[in-house]
Novice: 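Can you read through this structure? Questions will come right after.
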Amino acid sequence: MRALTGAAIAIAIAVLIAALLLALFIAGRTIPTTGSTVTGVARLVGMSAIQAALSTLLSLAAGIALAWSLDRLRFFGRGFIVGLLSTALVLPALVIVSGLVAVWGRNGWVNALIEPLGLNAPSIFGLGGILAAHTLLNGAFSGRIFLDRLEAIPPDKLKLGRSLGLSAWRRFTVIDIPAIAGSIPGAGATIFLLCFTSFPIVLVLGGGPANQTLEVAIYQAVRLDFDLGAAVRLAIVQLVVCAAIIIPASSLSPAAAFFGRRSRYRWPDSRAVTATQTGILSILLLGFLTPLIAVLARGMGPALAAVLAQPNFWRALWTSLTIGTLSALLTLMLALGLGMARALEPRQSLLRTALGVPVFTYLAVPAVVLSLGFFLLARFIGVPTSAAAPVVLVIANALLALPFAFATLNPPLEAIARRNKKLIRALGLSSTAQWRRIEWPLLGRPIGYALAVAFVFSLGDLGVISLFGTSEFSTLPWLMYRALGAYRSADAEAIGAILLVLSLSAFIAIPKLFEVLTHARD
Amino acid sequence: MLAIEAVSFRHTPDGPLYRFDIDVAPGEIVGLTGASGSGKSTLLDLIAGFLTPLSGDIALGGASLLGRPPETRPVSILFQTDNVFEHLSASANVALGLSNNARADDPAVRKALAQMGLETFSPRRAADLSGGQKQRVALARTLLRNKPVLLLDEPFTGLDEETAAPIRKAIADLVTANNWHAILVSHQKEDVAALASRRYEIRDGRTHPV
């Protein structure tokens, strides 16, 4: 039953993706380009690759420094900071961009501080701004992964190192780096793909065609130049490049690791090293937290009341919450269906590999390309875009959040199957009884976390809505982007603050709620 | 003489109170047995400096070790696993016993490896060695460090008798030859019987001579 359900889900996703790709390829052959202003493809690929490579290097370096410092230091609020880092990957990128502009922009906090001294902050628009935003989000993401690895170092290894009198540098090279080395290629590949296909950050901070990525160029071709032919050709190039990256990357170990065993032994460094760690952590946290604080500080001002008075805002909020809830539930069902079926299969089984493939949809088919595929499919089958939009948003956001939900649920599902498979069969438990009595009580926290990730991911999406959004059908990020485009920055800041509060609240409350519901214990 | 006198400890404020009294003569191996969770590893952690006692004293040759951090205590430890850094070569692992920056081809390193019968394994990565070979690499490093206290925390668990026997002999020879003070924690009675001249059992949080 479980294997059948998993196979049915995998086939349904494969058929859907195949239909979207087919729509893209048919469109590529039949729709001529109208000669848009889109930059040359080779230049776009080159620019995207250079930007993504630099972003990946900076993010990994920041992540290692962050994890190293957080692993050693103990302070009030550390748990909150570590939790906040976990949200980095799903926080609405548009909100982060808005925060960065509030801090580093022409009228931002930094300039307000240094202008009296006759100095000016470097422009946040252009390659520098894109790298800063990517490093901020992905540095926090990789830092969280690396911290998990450091905290899972066996206590005896630490005791041995301390007993041998390893210096801080030797400890870093002999114990820390080997512990995180295994997750660097996987995390690096994921970050590279995320930056290569980055949309909202490049869209707002790109500062013109010089820094465009393929995603932004596709959006521009559809929404600004109305050149569907050019958009389809770019989407096909994007798909080919992503596939070329993802196929070798899929052999690397997965990046997500939220369930590492915590080492209970602490080995503090010397005072000088602790001071260095404190300095590093302060700088990195300042970089990560100030944009968030700026979003809240600016957004909670007088513009908030004005935004709350707009019927458009309430419509967008309702749409965002409904689509977020539905796509989170759909993500959960897909991830559980695939994960449960996969856990039953032996390690080398072909079916097991096949059940894992749909999970990579997001990384292989980025948001704007996925959205364009749905857009074309709706046109081909004669469904008005306005009617298709809500369904497309739910399905597309569910597919986009699937890798993260799957990475959260798959390890505990596998562990439960490994530990209890024989006992469950010996007791003759039905599939329902197995779920109700064994899996549900143990999976409470991961299920809550997967739902939170999917909900927040959908809440902050700008990629899918960018091709379907109109003045009548809008989500909060789309409303915020339109406000930014219309130079109503106060409105955009207020919507950004609301999005941030909603995202953080959901990220904290949903896992807690499910923990209570299932009485989950460690 | 290694003397653990009236050493008390609690892991948590409301946890069980341990009280340990043990002495070990130079060149002697003392066995320590007890049920799982009885406090055997806790006692070793106290001697090594990973934990700090509430009261009592741990002294070697009359000089208290309390207040000294683990890295400056005259102690070597051999755990059940995790005694080597898997990505380093056997010789690089042993060289860490000399200093942070000692070279893997240092003559002293080669000599220690040879004494453990590991000359040919010197360049091999520790990850590629068997369980018994890893323990011998750790012993070579212990030999090189030549610290007067040797703590053995279940070092033979998981090894078959054929592998464990020569390691047991090597330990006994090293302790006797160097006049080390050794404490062997093991739940395998044959290990304790083969190596230890005396035995203590931990029951109800206290050490009892057997």
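Quick note: numbers below take in every heavy atom, side chains included, and nothing from hydrogens, waters or symmetry partners. Numbers restart at 1 for each chain; the letters A, B, ... are given by sequence-line order, proteins then strands.
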Novice: Between B:Arg168 and B:Glu161 (salt bridge meaning N to carboxylate O under 4.0 Å), is one present in this structure?
Specialist: yes
Novice: Sort B:Leu88 into side chain, backbone, both or neither according to what part of it lies under 4.5 angstrom from a heavy atom of chain A.
Specialist: side chain
Novice: What residue, out of B:Asn100, B:Asp153, B:Leu51, B:Asp82, has the most heavy-atom pairs lying under 4.5 Å from chain A?
Specialist: B:Asn100
Novice: Is the closest basic N to carboxylate O distance between B:Asp173 and B:Lys169 below 4.0 Å?
Specialist: yes
Novice: Counting only non-hydrogen atoms closer than 4.5 Å, does B:Phe50 touch chain A with its backbone (N, CA, C, O), its side chain (CB onward), both, or neither?
Specialist: both
Novice: What part of B:Arg73 is in contact with chain A, defined as an atom under 4.5 angstrom from a non-hydrogen atom: side chain, backbone, both or neither?
Specialist: neither
Novice: Using a strict 4.0 Å threshold on nitrogen-to-oxygen distance, state whether B:Asp45 and A:Lys159 make a salt bridge.
Specialist: yes
Novice: Using 30° and 60° as the class boundaries, would you call the ring planes of B:Phe20 and B:Tyr18 parallel, tilted or perpendicular?
Specialist: parallel
